[in-house]
Every structure is written in C-alpha cells, then in structure tokens.
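Worksheet for the structure shown next.
Hydrogens, waters and symmetry mates play no part in the numbers below; they use all other heavy atoms, side chains included.
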Amino acid sequence: MKIRWKMLIILLTFSLTPLFVLKTHGLNSLKDLGADLQTQTRVTLLERATQTLADQAEGAAVMVDLEERLYRTTLKSIQGEAELRLTDNDTAPVVKEPYITTPNRSFNQPELIHKPEYKKRAMMGKGMSQMGQHTTMAAVQRGDLIDLPITLNHISFWLPEGVSRKETDTEINRIAPLLDDFISCAAALQSLVLWQEIVLEDGLVATYPGHNSFPRKYDPRKHIWYKNIKNDPAMDWTLPTPDPATRTLCYRYSAPIMENNKFIGATSIVIPVNTIIEGSFTGTETKAAEIMMVSTGSDEIYRENSLLVVGKIGDNAEIKVPHGPMGRFWLRPPEPEWLTEDTPEFKTLIRDINEENSGVLHMNYKGIPSLWTYSPVNTHLAILIITPVHEFTAEADEAEQYVRESIANQYEGTSLIALAVIISIAIVAYFVSQSLSTPIRRLSEAMIKVGEGDWDARADFHSKDELGDLAQNFNYMVPQLREHSKIRQALSLADEAQQSLFPKAPPEVDGVDIGARCTFSEQTGGDYYDFVGCATCGPHTFATVIGDVSGHGVSAALLMTSARAYMRALSGRGKTLVEAATEVNRLITKDCAQTGHFMTMFMAVCNAQERTVNWIRAGHDPGMIYTPETDTFDQLLGDGLALGVDENYPYREYLTQMNQGQILVLYTDGIWEAHSPAGNQFGKDKMQQVIRDNCHKSSQELADILLIEVAAHRKGLPLEDDCTIIVVKFL
C-alpha cells in the first residue's frame, strides 16, 4: 500500500471523525439559530422603521401645507400694505434717521444685537473687516459660522452701487411706517422665516429684521427670482439659492407690487430650507443619513428620470442653531448634481414628488441598501433623507454578534478536543516517520551534492512506494537541470550582449538635457532605444528612436537587435527620416514574414538651437510634451502603421515647435500598463503627475524616478512588459 493511503487512513481515523461529530451537532445548530434570529429581528426593525418614517413624512407634508397657507396670508398682507403706501398720492411723511446701508458705509445705524438663531458664514477669514468696523477675527477661518448682528426695531434700507439716497428718499419715507406690519408678521411666522423684504425697481431694498450684512455688489434686480416675478407678476416659489447675507440655502416666496397694472417692485419672504427638517424629521437623522433637497428640475435645467440636488447640509452640519429659522447650514452643490437610479422605485419617487406626495421607498444608494424618505415642500420640490438600512438594524447586528460569541465559545471547547487529537497524531506520526527517514535522508544528501555542483550525484535506493517514485524522478531531473543551467548561462551572455547595444550615456547637446532608461521584464527583452548619428544633422541636432517589439524573450531581442542595426546603417547613409522609416519597415517586414511579430517605433530629430522636433510615429504610443509654465500636456499623435505589417506603407513626417522649458517624453507601454496587486494600471494620468511633480529635476533623474514609481506601484509583482523611457528637456 502506498504511503499516502497509509497516512490518510490514520489521519481520518484519529482526527476528522470526532471533529466532524462536534461540528455537526454543535456549531451548525448555533449558526442556524443565529441566522434565524437575525433575519426575524431585521425584518421587524425594518417594518417598524418604515412605518415610522412614513408617518413622519406624512406629518411633514401636512405641516408644509399649513405653513404654505401661513406664508401666503402673510405675503398678501405685506403686498397689500406695500402697494397701499407706495401708490399713495399724498406726500410721504418724513422719517427721521432711517437705517440705511450702502456698499461703503452705514447711516444712522442703531444698536445691533446678536441672536443665536441668526448666523452667517465667514467669507474672508482671519483678520477680516467689514463696513469700516475693523473687527479682529483671529480665530475665525473662512467658512466658519459667526454671529450676524440684527435689529428687531428697525427696517434696514440697502442702496446698491449707483443708487443714491436722494433718489430713494420718497420710497424710504413711504416704506418706513411698514415696521409695525413687519413686526406683526414676524410674530405670526415666529421661527419659520429668515427675512421679509421689499425690492423696488429703482434698486432700493427694505429688509426686516434690519442688518448690514449684504455683499458689496448685491443687487436683487439682477437675480433670477426678481426677473421671473417681473415677467410673470404672480405669487411664486423659487428653487433654493444661497441667501446673500447668511450664505445658507433658502427659497423665496415672492409677490409683485403693482401700481395701475404697472410693476414697480416685489415683496418676498426668505425661508431657510431646513424648516421642514427641524420641524418634522428630527427623529430620522443619523450621522450616516444623507439629507438633501431635490427637484424634478425646471425648464432651464431638466434631465429625464433624474432628480436635481438643489441643496445639502453643509460642512457645519454639526453646528445647530437652537430654536431659530436657520437651524443648520444648507449649501447648494457648486456644480449641478443629479440623482439617477434605473429602477421602478426611483420612477415612483419622481412621480410622487411631481404630485406632491410623501412616502418611504427601499432602494440602494451608492450600492448600500437604504430607506429613501421624502416629503414635498412645494411644486416639483421635496426634502429627501436617505438613511442606510443598517442604521435601523443595530439590534439585529447585536443579536448576530451574540451568536458569534457563542460560536467562539463552542470553538474553544472543540479546540481542547482537537489538541488531544493532535497529540495522538503526533505520536503516531513519530513512529511512522521512522520508516521514512532513511530514504529521505539519502535523497537529501543527493540534493546537497547537486547544489554544490556535482551533476553525477544520484539517489541510490529503490522502493515501490512514492519515495521510490521520487528517487527515480530525482535521478531523471539532474541531467535536465544540467542542460537548463547551460541555457541560463547562454541567456545571461545574451543579456550582457544586448545591454551593450544600448547607449552608454545620452549625447551631450547644447540647449537640451537628455535622459534615458530601459528595464527588461525578462532576461532579454524587446524594447529598444538609441541616439543614432545623422549625416544630415548639424552640431545642435540629434536623432533619437524608441521601439517596442511584440512579445518577449529571445525572439523579441533578436528582432530588436536587427532593427537597431538597420537604423544605424540607414542613418549613416544620410537618409531622411521618412526614407529611413520606410526602409526599416521594408527590412523588418521581410524578417517578420513567417513569425507574426511586429514592432512599434517613434523616430525623432531634435534641433536644440531652433527648438524643433521632426518625428514619425509608427504605431507607437504618442510622444508627450509637458509645458510647466501652463501645467498642460500635449501629445504627438499622427498616423503611422507598426513596422513589419505592410512593407509598402507610406510614412509621414511631422514637425513640432518646442518652447524653452518644455519637456519631451517618449516611452513604451510597459510603463503605464504596469499593474498593482489589486489589478489597477499605473496609467497615463499618474505618469503625467510624476512628470509634473519632478519637472524641475534633470532629465535622467526624471527618467529614473518614473521607473521607481512604476516599481512601487507593482509592490513586488514582476514586470509584465519591458519599460523604456527617453526624456528631453529644452533649456
């Protein structure tokens, strides 16, 4: 009986049988129990969370409807009073010392107070000063929340650039008595609004509560909401936009001010978008929840089966303003951001938002199962909260952890039994090994002799089991190793010969700095680069060539060597670039006729004095030009078929004008196609980043750094292809 069968029977008898019984009757039972417990708990928790969120969304919809009625009533009241006072033909009473703010200074500024619910974002940061109040803010950085001073006893009148006090005195005197109406409306609205405003056609802006925090160039007449209400005089909502004073995301509810059917201005109330969140969804917020305001779009911005994200809670979301209209800061994405999911549930979500319905849907978000809770704000606009399911299934996870701990305890018990089994196996293995040690020792001694160079050493024992087979195979292997050793020595000599064909150093030419490096993936390779002589070149001109033979090993190295010989022979005869490329292609095509190999090549003649590059691209990666001054990359593309494919292919020469400081980089695909252990390519983007970061270094240093970065990217993996690079920096 063979040894493997003997050992297998012994090990199965003393180890697997008891362990299998323990596993079957203990561990599997616990795992099944834990899986059932987790599943049942998870289902219950999700059902409970879904119902709770649905109730909150429905309640939020009811609150939005009630609040919208309050907004409409309030806005009509302000609109009516404003039209009555602004269209009164009687002489407007003179108001003493109205609070006026301009881009440069404030007039008759009352005492401003700080209320915790009014905050703004610091836009200038450390050392900022505004409106002539040289307020030191050493501890404040750009984007931080700071107090926004206001007055509850005055209306502030903002005069944009180009609007004088004299032009607006009459309107100021007519609007000033509206203070009591503003105060009454603020008491009715409480914490639901941020500002009440009146904007007139001559540029005057009246705001309550009063403040002096408008940007210097603020003119609401240029904003889309004002233009829309002017073109279509009717009460209307706007999509959320950043409030000029606080920079938080708000939407406006606006109404026109008319005089004899003529538009003379608009009144609006500014409402922070967080009002619904703070009032109705406080129970749904977690650190992992995505809270945003979405819209199905407008005539100007629309995308089918998508939702436009018009606002998100900003990076100061953790700073909440208690009991105030701002609550927390919302920001609009800097670029249009869309939500898109190709699922029936997402289409239902879009339909519900258009129909102003609320609800909860189960969908993946960024690949994570989530609950999408939504409630309408107004037409085509809704609050959306996306919460990962695992936020609601923490109890199920705790149950799963409990089961895992129980299984771990069970494993501890089985470990003691396994230890006893291992001791038994060790005792048995000791006695069994005695019958194996002699032939193994003899085989080991023969291996040592071979390792020391004795190719005549043999294993001198015979057996009918696996050890006998091993000895026979060893005796057969030694002569083969001798032959492989000879081949390896020959390859080493071939590698030395091939390395000697590469230039010892780049040529020294005034006006340019040249560097080059080549690394083979095998002992011999198919990459090629050279700096060849050129009979038609002047003292400030040099020719360079880089190539890549398909495949690897000896055959690729031989073709590379032939191509090098052809290029050097033709360049010495004064051939032009096109003539040289055509002749080399003809010769290589004949060499490759029966092999199926081909070779890509990039040939260039560089004039350092005139800073020109004449080049031909034969199927090779395009050359790369980096301009440090503008931090841009250009490519030397151009048409050209690989060498060895069509011997009659007509090649075309191109000319590129270089500038001082520009860097020309020629490379083979082994650099950017190098893979990491995770399967990611090094890539041309990373290659460009390395060039960008090291453009101040010499060409040779830059070439070496690129190959070092490729090696670091591989993290020990062998090269899949040869890597060659030439760097020419125009000084």
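- Looking at Glu647 and Lys590, their side chains come closer than 4.5 Å, going by heavy atoms from C-beta outward.
- A pairwise comparison of heavy atoms in Gly644 and Thr589 identifies CA-OG1, 3.3 Å as the closest pair.
- At least one side-chain heavy atom of Val512 sits less than 4.5 Å from a side-chain heavy atom of Val509.
- The CG atom of Leu641 lies 11.0 Å from the CZ atom of Arg617; values are rounded to the nearest 0.5 Å.
- Checked by atom type, the side-chain pair Asn354/Thr296 shows a donor-acceptor distance below 3.5 Å.
- Residues forming a side-chain hydrogen bond (donor to acceptor under 3.5 Å, both in side chains) with Asp685 (at least two apart in sequence, or on another chain): none.
- Taking the salt bridge (charged side-chain N to carboxylate O under 4.0 Å, His left out) definition, one finds that Lys230 meets it with Glu201, sequence neighbours left out.
- Partners of Ser699 under the side-chain hydrogen bond (donor to acceptor under 3.5 Å, both in side chains) rule, at least two apart in sequence or in another chain, are Asp513.
- With values rounded to the nearest 0.5 angstrom, Ile224 atom CD1 is found 10.0 Å from Thr238 atom OG1.
- If you take CD1 on Ile291 and CD1 on Ile386, they are separated by 10.5 Å, rounding to the nearest 0.5 Å.
- Distance alone, capped at 3.5 Å, places no donor-acceptor pair between the Asp232 side chain and the Asn228 backbone.
- Note that CG of Asn364 and CH2 of Trp372 are 9.0 Å apart. Values are rounded to the nearest 0.5 Å.
- Partners of Thr600 under the side-chain hydrogen bond (donor to acceptor under 3.5 Å, both in side chains) rule, at least two apart in sequence or in another chain, are His620.
- Annotation: side chain of Phe542 is in contact with side chain of Ile514 (closest heavy-atom distance under 4.5 Å).
- The shortest non-hydrogen separation linking Asn585 to Ala642 is OD1-O, 4.1 Å.
- With hydrogens and angles ignored, the 3.5 Å screen pairs a side-chain donor or acceptor of His597 with a backbone N or O of Ser550.
- Taking 4.5 Å as the limit, every side-chain heavy atom of Arg652 sits out of range of all side-chain heavy atoms of Val578.
- Heavy atoms from other residues, nucleotides or ligands lying under 6.0 Å from CG of Asp342 number 12 at most.
- Ring centers of Trp158 and Phe214: under 6.0 Å apart, within the cut-off.
- Side-chain contact check for Thr241 and Trp225: no donor-acceptor pair (N or O, by modelled atom type) lies under 3.5 Å.
- In terms of modelled atom types and a separation under 3.5 Å, the side chain of Ser306 and the main chain of Glu304 share a donor-acceptor contact.
- Arg351 meets the side chain to side chain contact (heavy atoms under 4.5 Å, CB included) test with Thr348, Glu355; sequence neighbours excluded.
- A donor-acceptor contact closer than 3.5 angstrom links the side chains of Asn104 and Arg216.
- Look at Asp631 and Arg692 and you find a salt bridge, because one of the NZ, NE, NH1 or NH2 atoms lies within 4.0 Å of a carboxylate O, short of that distance.
- For the residue pair Asp591/Tyr566, the side-chain donor-acceptor check at 3.5 Å is satisfied.
- With hydrogens and angles left out, the side-chain atoms of Gln657 and Thr612 include no donor and acceptor closer than 3.5 Å.
- Taking the six-membered ring for Trp and thresholds of 30 and 60 degrees, His713 and Phe682 have ring planes more than 60 degrees apart, a perpendicular arrangement.
- Judged by distance alone, the side chains of Thr248 and Thr246 never bring a donor and an acceptor atom under 3.5 Å apart.
- Within the model, atoms CZ of Arg611 and CE of Met658 stand 10.0 Å from one another, a figure rounded to the nearest 0.5 Å.
- How far OH of Tyr651 is from CD1 of Ile616: 9.0 Å, rounded to the nearest 0.5 Å.
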Ignoring hydrogens and angles, write down the donor-acceptor pairs under 3.5 Å from the side chains of residues 724-731, residues two or more places apart or on other chains.
unit_1	atom_1	unit_2	atom_2	d
Thr724	OG1	Asp527	OD2	2.8
Lys729	NZ	Cys695	O	2.8
Lys729	NZ	Lys697	O	2.3

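- Side chains of Glu579 and Thr582: no donor on one and acceptor on the other come within 3.5 Å.
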